[in-house]
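Since the structure comes first, as C-alpha cells, the remarks are kept for the end.
The shown structure was predicted, so the numbers you read here are calculated from the model rather than taken from an experiment. Computation of the quantities below employed the complete heavy-atom set of this structure, encompassing side-chain atoms and omitting hydrogens, waters and symmetry-equivalent molecules.
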Amino acid sequence: MDRENTKKGADDLNEYIEFEEGIFGFEQEKRFLPVALEEGSDAIVYLQSAENEELSFVMMNPFLLKEDYNPELGKEDYEKLGTSDEKDLSYYVLCVIGNTAGESKVNLKCPIVVNNVTRQARQVILNTDEYGFRHLLREFEKEEA
C-alpha cells in the first residue's frame with residue numbers, strides 16, 4: 001500500500017477535522033484540531049477537542065511504527081469519509097501514554113482516518129485479526145545494526 005500521502009497529511013494539520021460519529025467513548029465530541037508535535041511532521045499529533053479544552057488525544061502515524069501496516073476499509077467507511085480514493089486519506093492510531101515510552105501503547109485495530117480534502121474523519125474498526133487494540137510501542141523499536 002502506497003503511503004506517500006502521510007506527508008500530505010502533515011501539511012494539512014492545524015485545520016479542524018469533523019467526526020460525524022465522534023470517537024469511540026467520546027461520541028458527543030465532533031470537532032477536533034490536530035496539532036503536530038513537530039512542525040511539518042505527522043509522526044506524533046495532538047488531537048484537541050474544539051469544544052472541551054480538557055480533552056485531547058495523542059495520535060501517531062502508524063506507518064512510521066509499522067511500515068507494512070495495511071488497513072483495509074469497508075465500503076461504508078469510504079462512503080462516510082466521502083471518497084473512494086485512498087490518496088485522499090491519512091491514517092493515525094491513538095496512543096495511551098505509559099510511565100515510559102516502552103510502556104506506552106497504540107491501537108492499530110481502530111485507526112483514525114482523515115479525508116484530507118473534506119476534513120471528514122472517522123474512527124474505524126478494521127476487520128482483521130492481524131492488529132490488536134493494545135500494541136506496546138517497544139514492539140516497534142528498530143534493532144541496531
Side-chain angles (χ1 to χ4, degrees), residues 1-140:
M1 186 175 275
D2 179 19
R3 291 296 174 202
E4 290 182 23
N5 62 319
T6 58
K7 178 63 178 153
K8 181 183 184 305
D11 295 338
D12 287 335
L13 294 175
N14 300 319
E15 293 180 29
Y16 284 98
I17 58 176
E18 302 280 340
F19 288 83
E20 183 179 321
E21 299 169 348
I23 295 174
F24 302 143
F26 299 89
E27 288 80 5
Q28 74 284 359
E29 300 289 334
K30 307 290 187 191
R31 192 166 189 233
F32 288 85
L33 181 66
V35 180
L37 178 65
E38 185 177 312
E39 189 172 334
S41 170
D42 71 345
I44 300 175
V45 176
Y46 296 110
L47 189 61
Q48 177 62 56
S49 169
E51 282 81 36
N52 181 352
E53 67 183 35
E54 295 180 12
L55 180 64
S56 66
F57 299 94
V58 175
M59 302 189 305
M60 299 180 82
N61 180 327
F63 303 103
L64 298 177
L65 296 171
K66 185 171 176 51
E67 290 179 11
D68 63 346
Y69 186 62
N70 188 22
E72 293 184 16
L73 301 182
K75 180 180 177 184
E76 179 184 2
D77 295 318
Y78 284 108
E79 288 173 1
K80 291 202 174 196
L81 287 162
T83 187
S84 59
D85 191 345
E86 189 70 27
K87 291 180 181 171
D88 291 342
L89 304 177
S90 291
Y91 292 80
Y92 300 94
V93 292
L94 293 176
C95 183
V96 176
I97 306 298
N99 290 329
T100 66
E103 294 173 355
S104 297
K105 299 175 180 116
V106 292
N107 180 346
L108 295 179
K109 180 81 169 178
C110 302
I112 301 288
V113 187
V114 179
N115 180 329
N116 296 313
V117 177
T118 66
R119 306 305 294 158
Q120 285 296 110
R122 177 171 172 77
Q123 186 175 21
V124 301
I125 300 175
L126 300 178
N127 189 19
T128 179
D129 293 331
E130 185 175 351
Y131 307 117
F133 296 103
R134 293 179 186 92
H135 292 269
L136 289 169
L137 280 182
R138 68 174 162 240
E139 291 177 35
F140 307 107

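Side chains of V117 and D85 form no contact here, defined as non-hydrogen atoms less than 4.5 Å apart. R119 has its side chain within reach of V114: a pair of non-hydrogen atoms, C-beta onward, lies under 4.5 Å apart. Two residues are said to be in side-chain contact when any heavy atoms from C-beta on lie closer than 4.5 Å; P111 and Y69 meet this criterion. S90 is not listed as a side-chain neighbour of F63, based on a closest heavy-atom distance of 4.5 Å or more. Inter-residue side-chain proximity for Y91 and L73 is flagged as met; some heavy-atom pair is nearer than 4.5 Å. Counting heavy atoms from C-beta on, the side chains of P62 and L108 come closer than 4.5 Å.
Relative orientation of the F26 and F57 rings is perpendicular, given thresholds of 30° and 60° on the angle between their planes. Ring geometry for F19 versus F32: interplanar angle over 60°, hence perpendicular rather than tilted (30 to 60°).
The shortest heavy-atom contact between V45 and Y92 is CG2-CE2, 4.1 Å. The heavy-atom pair separating E130 from T128 by the smallest distance is N-OG1, 3.1 Å. The nearest pair of heavy atoms linking L81 to N115 is O-ND2, 2.7 Å. Nearest heavy-atom pair, L33 versus Y16, reported as atom, atom and distance to 0.1 Å: CB-CE2, 3.7 Å.
The neighbour count for Q28 CD, taken as heavy atoms of other residues, nucleotides or ligands under 6.0 Å away, is above 12. Heavy-atom contacts from other residues, nucleotides or ligands closer than 6.0 Å to CD of E38 number 12 or fewer. Other residues, nucleotides and ligands place no more than 12 heavy atoms under 6.0 Å from the CG atom of N99. Counting heavy atoms of neighbouring residues, nucleotides and ligands inside a 6.0 Å radius, atom CD of E53 does not exceed 12 of them.
Atoms CG and CG, on L94 and N107 in that order, are 6.5 Å from each other to the nearest 0.5 Å. Rounding to the nearest 0.5 Å gives a distance of 13.5 Å between NZ of K80 and NZ of K75. Atom NZ of residue K109 and atom CZ of residue R134 lie 13.0 Å apart, to the nearest 0.5 angstrom. Taken to the nearest 0.5 Å, the OG atom of S41 stands 8.0 Å off from the CG atom of N61. Distance CE/M60 to CG/L65: 4.5 Å, rounded to 0.5 Å.
Of the possible polar contacts, none joining the E18 side chain to the G22 backbone as a donor-acceptor pair under 3.5 Å is found. The main-chain N or O of N116 is never found under 3.5 Å from a side-chain atom of D88 such that the two would form a donor-acceptor pair. Between the side chain of S104 and the main chain of T100, a donor-acceptor pair closer than 3.5 Å is present. Proximity of a side-chain donor or acceptor of S49 to a complementary backbone N or O of S56 within less than 3.5 Å is not detected. With hydrogens and angles disregarded, no donor-acceptor distance shorter than 3.5 Å links the side chain of K105 to the backbone of H135. Between the side chain of Q123 and the backbone N or O of I23 there is no donor-acceptor pair closer than 3.5 Å.
Salt-bridge formation is detected for the pair E21/R122: a Lys NZ or Arg NE/NH1/NH2 atom is positioned less than 4.0 Å from an Asp or Glu carboxylate oxygen.
D77 pairs in a side-chain contact (heavy atoms from CB on, under 4.5 Å) with only one of the listed residues (I125, V124, L126), which is V124.
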Could you walk me through whether R31 and E51 pass the side-chain contact (heavy atoms from CB on, under 4.5 Å) test, one step at a time? CA-CA 7 Å; R31 192 166 189 233; E51 282 81 36; 4.0 Å; yes

